[in-house]
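Report on one structure; see the data block that follows.
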Amino acid sequence: MRTRKPNLDSVEWTLPSFPVSELRRSLLTWYAESGRDLPWRQTRNVYRIWVSEIMLQQTQVKTVIPYYHRWLDRFPTVEALAAASQEQVLKAWQGLGYYARARNLHRAAQEVVALGEFPRDLETVLALPGIGRSTAGGILSAAFDLPVPILDGNVKRVLARIAALPVAPSKAIASLWQLSEELLDRDRPRDFNQAFMDLGATICTPKQPACLLCPWQKSCQAYNLGMQNDIPVSESRAPIPHKSIGVAVIWNDQGQILIDRRRPEGLLGGMWEFPGGKIEPGESIEQCIRREIQEELAIDIEVGDHLVTVDHTYTHFRVTLNVHHCRYLGGEPQPIECDEIRWVELADLEQFPFPKANLEIIAALRQKQQK
Ligand code: SF4
C-alpha cells in the first residue's frame, strides 16, 4: 500500500491510500438515491448558491431554509443586495446570528457588482469578504461545476473517520485538504461535493454514525477499527481508551500451539496471533478466555497457569494482554472470527508474521522452555 507522510507534528501516522474511483462511484450512487433535496440545489445561479453557503456557515439547514427564501424575495439579485443599505441587510438577517456574515455578504455583493460578474478563479473569490476556502469550493463547484474541494465541518468529520485521524482535525488541516482534493470527482465536482456534505450531515453524524448505511463503510478506517464514535479526536484530547484482553496459548497433546490469522480487513489485518478477546465487565480472565475460545474457535479448553502480561499502546488505544497456558480438550477448531487456524510447533512460530505484542508472548514461551 502506498502511503504518504502527512503534515502532522508529533504523531506517527500516514495518510492512507484509498480506492479513489470506487469511493467516488459509491458516494455518487448513494447520493442519487439518498441525497437531500434542498432549495439551493435546484439552481445554478451563483448568487443564490453563495447566499446559501454564507447562511449555512454557522446555521443549520432547517433554520436557514425560511431565511433563504425571505432573503431572495427581499434581495432577488446581487445588484439588489449591493444597492441596499446596511441596515436593510442586517434587518433581513435578523435572528440568524453571526452578523459579520451579513455585513461581509453585503460588501462582497458591492465588489462583485463592481467586477461585473462573480469571479470563477479561486484566488479572486477568496479575496471577497466573508469567503474562506471551503465556502469558495462550495460556491465554485455548485454554481460552475469547477473541481474545487471543500472542507466544512461535515466533510472534516467524514475525512477524519475514513482516515482514522489520530489527532484533532484542527491539527491536520493540510492533510485533510489534501485528502478532500484527492477524493474529489473531477468529472462531477458539483454532485460530489454536495454528496460529501450530505454524507456527513445525514449518515456520518457527530454521534452514532449510521455506518451500516454508509457507502464508504468498507474503506473507512475508523469503522474497521470500531472507533467511529471516538473519531474525530476532540480538541482537548480525551485519555486514550484501555482494553483488557484474555489470551490463550492452547497446547494439544502433541505439544503444538494453536494460532490464528486475523481477517484481512481492519486492525492488524492478515497478521497471526494467539486467540483471545476482550474481558467483559464482571468476568475473570479465565472465564473470558474460555468464552472467547468457544465463540471464536468452537473448541473446549482448560485454562491453566498465567504465562505473561503484556502492555501495548496502539495509536488509538492501549491494551493489556493477560496470557494463560491452556490445554486443548476437544472439538474441531473452526475459523469463526478469523481467516485461518493452524497447530504449529513452538520452533515454527517465527515463520509467521505476528504483531509486536504477540512477539512478547513468543519470547516468554521461549524463555519458559529454556528453564
Ligand atoms: S463507515 Fe461510519 S464512520 Fe466511516 S464514513 Fe461511514 S458513517 Fe462515517
Side-chain angles (χ1 to χ4, degrees), residues 1 3-4 6 8 11 13-36 38 56 60-61 134 137-138 141 149-173 175-185 188-189 191-235 237-238 240-241 243 262-269 278 314-317 337:
M1 181 191 267
T3 53
R4 297 140 296 157
L8 293 171
V11 175
W13 177 77
T14 44
L15 190 57
S17 286
F18 291 99
V20 172
S21 308
E22 163 58 21
L23 291 186
R24 289 173 183 162
R25 193 196 54 70
S26 58
L27 182 64
L28 288 170
T29 305
W30 170 82
Y31 180 61
E33 288 162 6
S34 311
R36 293 176 296 177
L38 300 171
L56 288 164
Q60 292 196 336
V61 166
S134 188
S141 60
I150 54 171
L151 191 64
D152 71 354
N154 283 326
V155 169
K156 262 184 217 162
R157 182 172 58 256
V158 177
L159 291 174
R161 284 178 173 157
I162 64 166
L165 186 69
V167 294
S170 65
K171 297 203 173 79
I173 290 297
S175 299
L176 295 176
W177 272 112
Q178 186 186 334
L179 193 50
S180 182
E181 178 146 27
E182 189 173 311
L183 294 176
L184 177 62
D185 190 321
R188 295 178 59 190
D191 290 343
F192 183 88
N193 278 346
Q194 289 177 351
F196 211 164
M197 288 187 269
D198 281 11
L199 186 69
T202 64
I203 299 285
C204 196
T205 48
K207 290 195 179 130
Q208 304 293 332
C211 301
L212 296 181
L213 303 175
C214 178
W216 284 0
Q217 186 204 86
K218 244 173 44 194
S219 301
C220 176
Q221 304 231 342
Y223 177 77
N224 285 327
L225 290 165
M227 301 200 69
Q228 60 271 31
N229 290 313
D230 305 313
I231 295 174
V233 174
S234 60
E235 295 296 330
R237 192 169 180 169
I240 186 164
K243 299 180 192 179
R262 294 173 69 93
R263 288 187 174 147
E265 66 278 0
L267 180 71
L268 307 173
K278 198 171 151 200
Y314 293 96
T315 315
H316 300 295
F317 58 93
E337 298 272 354

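For this chain, numbers begin at 1 and follow the sequence in order. Order of appearance sets the numbers: ligands from 1, and atoms from 1 within every ligand.
For the side chain to side chain contact (heavy atoms under 4.5 Å, CB included) test, residues two or more places apart in sequence or in another chain that qualify with Ser170 are Ala168, Glu235. Judged as a side chain to side chain contact (heavy atoms under 4.5 Å, CB included), and not counting sequence neighbours, the contacts of Asp230 are Met227. Every residue two or more places apart in sequence or in another chain that forms a side chain to side chain contact (heavy atoms under 4.5 Å, CB included) with Leu213 is listed here: Ile203, Ala210.
Screening the protein for N, O or S atoms under 2.8 Å from atom 8 (Fe) of ligand 1 yields 1; no waters enter the count.
A side-chain donor-acceptor contact under 3.5 Å links Thr29 to the backbone of Arg25.
Atom SG of residue Cys204 and atom CZ of residue Arg161 lie 4.0 Å apart, to the nearest 0.5 angstrom.
Leu159 and Ser180 get closest at one heavy-atom pair: CD1-CB, 3.8 Å.
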